[in-house]
Visitor: 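A single structure is presented below for examination.
Here is how names work: the chains are called A, B, and so on, in the same order as the sequence lines, proteins then strands, and each is numbered from 1.
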Amino acid sequence: MFYSTYYKLMKRRKTTKTGQFKTDEATLSKLKNKHEIIVKILNYRQQKKLKSTYVDALPKLANPTTNKIHTTYLQTVAATGRLSSNNPNLQNIPIRSEMGREIRKAFIPRGKDYKIFAADYSQIELRIIAEMSGDENMKNAFISGEDIHSATAAKVFRVELKDVDREMRSKAKAVNFGIIYGVSAFGLAQNLNIPRREAKEIIESYFEQYPKIKTFMDQSIELAKEKGFVETIMHRKRYLKDINSTNGIVRGHAERNAINAPIQGSAADIIKIAMINIHDEMKSRNLQSKMLLQVHDELVFDLFIPEEDEMIKLVTDKMENAIDFAVPLKVEYGIADNWLDAH
DNA sequence: TCAATCACG
DNA sequence: ACGTACGTGATTGAA
């Protein structure tokens with residue numbers, strides 16, 4: 001029904017690569033005010049997703065012996081060196097929406113003497129860019145413990161830190177994310193729903209304020225073109241066969257990979273080192289708490305309550321000191337009766 | 001079987 | 001002029 005009539009709400013209707021009209025969340029959200037059906041469709045989609053993927057599926061996967069759900073972690077799938085999780089995927093449990101958060105609440109400790117302990121790296125990828133690029137401005141923001149998105153907003157929009165408003169911080173946050181992925185003015189404009197010209201100015205200002213980040217990105221591409229691969233901090237390689245392609249689109253994709261892979265991959269290296277060190281230490285101390293999950297920049301534990309103080313110290317220490325950086329690595333944590341409240 | 005969509009970092 | 005932000009896995013439904 002929706003596909004065949006397709007209300008004329010846009011000047012240029014976006015299509016997928018097979019020529020279908022796009023109806024994804026990003027596209028529909030921009031049309032929210034054009035027709036009352038849009039919000040209804042989005043809400044319906046969200047509820048179907050949550051019901052089919054989590055509410056209906058997960059309870060069936062409890063192992064009859066353990067009464068628990070067991071995932072499998074794959075170490076040789078993700079090109080950057082991240083883990084992935086399947087059968088079921090426990091790295092994409094909802095948290096962003098109100099309804100989704102209700103699902104996360106269902107993840108609870110094993111018994112009455114236990115709590116969920118969740119510890120996550122704060123801004124690890126931006127800290128890695130700061131470290132790898134050596135950019136003084138970004139390094140100093142982290143060393144002085146500033147909120148990185150506000151600090152970036154102050155620099156990019158050339159105002160005092162105290163004069164950064166919500167909109168400026170939100171835009172700076174989008175650029176910081178974009179940087180990790182290999183921004184284009186178009187992509188940022190699309191993401192923020194602002195004119196491309198404005199996005200271009202923001203990016204230019206960003207690189208003026210963080211000049212070595214620009215250099216680092218250019219050098220990553222340069223290196224990939226010469227050697228055919230890029231490397232993480234622990235020297236995991238990602239080969240980029242298309243880096244010298246004559247097709248600009250294909251090459252552009254490889255160039256963004258050249259920027260992103262060392263950053264995302266180094267974060268994966270670091271949390272893996274932390275996991276090994278934490279496991280070794282828990283074992284040698286005969287602790288009863290258990291490491292349950294890894295979600296890229298977060299570790300989740302089934303915490304035996306008498307071990308609370310010891311575990312907090314052990315885990316934050318091993319995570320923050322997994323690697324020797326000039327830029328500090330910061331870990332935030334929470335302890336609660338379910339995974340949601342442990343954040 | 002595969003494209004589209006959407007859940008997460 | 002072109003297409004355009006990185007990495008995954010599960011579900012659905014058209015082809």
Visitor: Please work out if A:I93 contacts a base, only the sugar-phosphate, or nothing of the nucleic acid, heavy-atom cut-off 4.0 Å.
Guide: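 Contact class for A:I93: sugar-phosphate only.
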Visitor: Would you mind classifying the nucleic acid contact of A:A79 as base, sugar-phosphate or nothing, using non-hydrogen atoms under 4.0 angstrom?
Guide: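 Since only primed, P, OP1 and OP2 atoms lie under 4.0 Å of A:A79, the category is sugar-phosphate.
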Visitor: Going through the checks in order, is the side chain to side chain donor-acceptor pair (under 3.5 Å) test met by A:Q20 and A:T16?
Guide: CA-CA 5 Å; A:Q20 307 274 340; A:T16 64; over 6 Å; no
Visitor: Could you give the distance separating C:dA5 and B:dA4 at their P atoms, to the nearest angstrom?
Guide: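 Pairwise P distance, B:dA4 against C:dA5, rounds to 15 Å.
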Visitor: Output the single nucleotide from C:dT8, C:dT12, B:dA7 whose closest atom is nearest the side chain of A:P94.
Guide: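 Within the option list, the nearest is B:dA7.
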Visitor: Please work out if A:L83 contacts a base, only the sugar-phosphate, or nothing of the nucleic acid, heavy-atom cut-off 4.0 Å.
Guide: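 Contact class for A:L83: none.
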Visitor: Would you call the rings of A:Y210 and A:Y206 parallel, tilted or perpendicular, where under 30° means parallel and over 60° means perpendicular?
Guide: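 Perpendicular.
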Visitor: Do you know the tightest heavy-atom contact between A:K155 and A:S205?
Guide: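 Smallest heavy-atom distance, with atoms named: O-OG, 4.3 Å.
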Visitor: Taking any heavy-atom pair under 4.0 Å as a contact, classify A:A174: base, sugar-phosphate, or nothing.
Guide: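 Touches a base.
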Visitor: Among C:dG7, B:dT5, B:dG9, find the nucleotide with the atom closest to the side chain of A:V295.
Guide: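 Shortest atom-to-atom distance from the side chain points to B:dG9.
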Visitor: Whole angstrom is fine here: how far is it from NZ in A:K14 over to P in C:dT4?
Guide: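 One finds 11 Å between P of C:dT4 and NZ of A:K14, rounded.
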Visitor: Show your working on salt bridge (charged side-chain N to carboxylate O under 4.0 Å, His left out) between A:E310 and A:R285 and close with a plain yes or no.
Guide: CA-CA 10 Å; A:E310 185 174 10; A:R285 294 192 205 173; 2.9 Å; yes
Visitor: Distance criterion of 3.5 Å, no angle test: do you see the side chain of A:Q264 paired donor-to-acceptor with the base of C:dC6?
Guide: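 Flag set: donor-acceptor pair detected.
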Visitor: Tell me the interatomic distance from A:Q91, atom CD, to C:dT8, atom P, rounded to whole angstroms.
Guide: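 One finds 11 Å between P of C:dT8 and CD of A:Q91, rounded.
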Visitor: Please report the shortest heavy-atom distance between A:V295 and A:Q91, naming the atom on each side.
Guide: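 Heavy atoms only, the tightest pair is CG1-O, 3.7 Å.
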Visitor: Using atom C1' of each nucleotide, how far apart are B:dA7 and C:dC2 to the nearest Å?
Guide: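 Per the computed distance, 31 Å lies between those C1' atoms.
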Visitor: Nearest to the A:K49 side chain among C:dT8, C:dT4, C:dA10, which nucleotide is it?
Guide: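 Between C:dT8, C:dT4, C:dA10, the one nearest the side chain of A:K49 would be C:dA10.
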Visitor: Is there a donor N/O on one and an acceptor N/O on the other, under 3.5 Å, for the side chain of A:N191 and the base of C:dA5?
Guide: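 Donor-acceptor pair under 3.5 Å: yes.
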Visitor: Looking only at side-chain atoms of A:S52, point me to the closest of C:dG7, C:dT12, C:dG3.
Guide: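 Nearest listed nucleotide: C:dT12.
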Visitor: State which of C:dT8, C:dA10, B:dC8 makes the closest approach to the side chain of A:I95.
Guide: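 My answer, after comparing the listed nucleotides, is B:dC8.
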Visitor: Starting the side chain at C-beta, find the nucleotide from B:dG9, C:dT8, C:dG3 nearest to A:S84.
Guide: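 Closest nucleotide to the A:S84 side chain: C:dT8.
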Visitor: Within the 4.0 Å heavy-atom criterion, would you say A:G252 contacts the bases, only the backbone, or no part of the nucleic acid?
Guide: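 Here A:G252 touches no strand at all.
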Visitor: Should C:dC6 form a Watson-Crick or G-U wobble pair with both distances under 3.5 Å, which nucleotide is its partner?
Guide: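 Its partner is B:dG9 (Watson-Crick or G-U wobble, both distances under 3.5 Å).
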Visitor: Under a 3.5 Å distance rule, please check whether A:N63 uses its side chain to pair with a backbone N or O of A:T66 as donor and acceptor.
Guide: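 Yes, because the side chain of A:N63 sits within donor-acceptor range (under 3.5 Å) of the backbone of A:T66.
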Visitor: At 4.0 Å (heavy atoms only), tell me whether A:R82 reaches a base, stays on the sugar-phosphate, or touches nothing.
Guide: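 Base, at least one base atom sits under 4.0 Å.
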Visitor: Between C:dA5, B:dG9, B:dT5, which nucleotide has the shortest distance from any of its atoms to the side chain of A:D297?
Guide: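 Shortest atom-to-atom distance from the side chain points to B:dG9.
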Visitor: Assign A:Q46 to base, sugar-phosphate, or nothing according to its heavy-atom contacts below 4.0 angstrom with the strands shown.
Guide: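 Since only primed, P, OP1 and OP2 atoms lie under 4.0 Å of A:Q46, the category is sugar-phosphate.
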Visitor: Base, sugar-phosphate alone, or nothing: which one does A:N92 contact when heavy atoms must sit under 4.0 Å apart?
Guide: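 Contact class for A:N92: base.
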Visitor: Check the orientation of A:Y333 and A:F117. Use parallel for under 30°, tilted for 30 to 60°, and perpendicular for over 60°.
Guide: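 Perpendicular: the ring planes of A:Y333 and A:F117 meet at over 60°.
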Visitor: Identify, between A:H296 and A:I249, the residue whose nearest nucleotide on DNA chain C lies closer to the 5' end.
Guide: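 It is A:I249, whose closest nucleotide lies nearer the 5' terminus.
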Visitor: May I ask you to verify if any side-chain N or O of A:T16 is less than 4.0 angstrom from the OP1 or OP2 atom of B:dA4?
Guide: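 A:T16 to B:dA4 OP1/OP2: side-chain N or O found under 4.0 Å.
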Visitor: Ignoring the backbone of A:T18, work out which of B:dC8, B:dA3, C:dT8 is nearest its side chain.
Guide: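 From the listed options, B:dA3 comes nearest.
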Visitor: At 4.0 Å (heavy atoms only), tell me whether A:A57 reaches a base, stays on the sugar-phosphate, or touches nothing.
Guide: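 A:A57: backbone/sugar contact only, no base atoms under 4.0 Å.
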Visitor: Side chain of A:K48: nearest nucleotide among C:dT4, C:dT12, B:dC6?
Guide: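 Out of C:dT4, C:dT12, B:dC6, the nucleotide with an atom closest to A:K48's side chain is C:dT12.
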Visitor: Calculate the interatomic distance between A:N257 atom CG and C:dT4 atom C1'; express it in whole Å.
Guide: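 Rounding to the nearest Å, CG of A:N257 and C1' of C:dT4 are 13 Å apart.
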Visitor: Would you indicate what A:V183 reaches in the nucleic acid, counting non-hydrogen atoms under 4.0 angstrom: base, sugar-phosphate, or nothing?
Guide: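 Base contact.
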Visitor: Measure from CG on A:L90 to P on B:dG9 and round the result to the nearest Å.
Guide: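 It works out to 13 Å between those atoms.
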Visitor: Taking atom P of C:dA10 as reference, at what distance in whole Å does atom CD1 of A:I69 sit?
Guide: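 For the pair A:I69 CD1 and C:dA10 P, the rounded distance is 13 Å.
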Visitor: Is A:Y54 touching bases, backbone alone, or none of the nucleic acid, heavy atoms closer than 4.0 Å?
Guide: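 Result for A:Y54 = sugar-phosphate.
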Visitor: Specify the residue among A:N89 and A:H253 whose closest nucleotide of DNA chain C lies further upstream toward the 5′ end.
Guide: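 Nearest-nucleotide comparison on DNA chain C picks A:H253.
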Visitor: In whole Å, what separates the P atom of B:dT5 from that of C:dT4?
Guide: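 Nearest-Å result for B:dT5 against C:dT4 at atom P: 14 Å.
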Visitor: In whole angstrom, give the distance that lies between atom CZ of A:R104 and atom P of B:dC8.
Guide: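 Rounded to the whole Å, the gap is 8 Å.
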Visitor: Hey, is the side chain of A:R238 pairing donor to acceptor with the base of C:dG7 inside 3.5 Å?
Guide: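 Under the 3.5 Å cut-off, the side chain and the base do not form any donor-acceptor pair.
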Visitor: What nucleic acid atoms does A:R196 come within less than 4.0 Å of, heavy atoms only: base, sugar-phosphate, or nothing?
Guide: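 Base, at least one base atom sits under 4.0 Å.
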Visitor: Which heavy atom of A:E131 sits nearest to which heavy atom of A:V327, and what is that distance?
Guide: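 What the structure gives for the nearest pair is OE1-N, 2.9 Å.
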Visitor: To the nearest Å, how far apart are A:L74 CG and C:dT8 C1'?
Guide: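 Value for this atom pair: 10 Å.
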Visitor: So, is A:R45 near the phosphate of B:dC6, with a side-chain N or O under 4.0 Å from OP1 or OP2?
Guide: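 Checking A:R45 against B:dC6: at least one side-chain N or O falls below 4.0 Å of OP1 or OP2.
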Visitor: May I have the distance from A:L42 (atom CG) to B:dA4 (atom C1'), rounded to whole angstrom?
Guide: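 A:L42 atom CG is separated from B:dA4 atom C1' by 15 Å.
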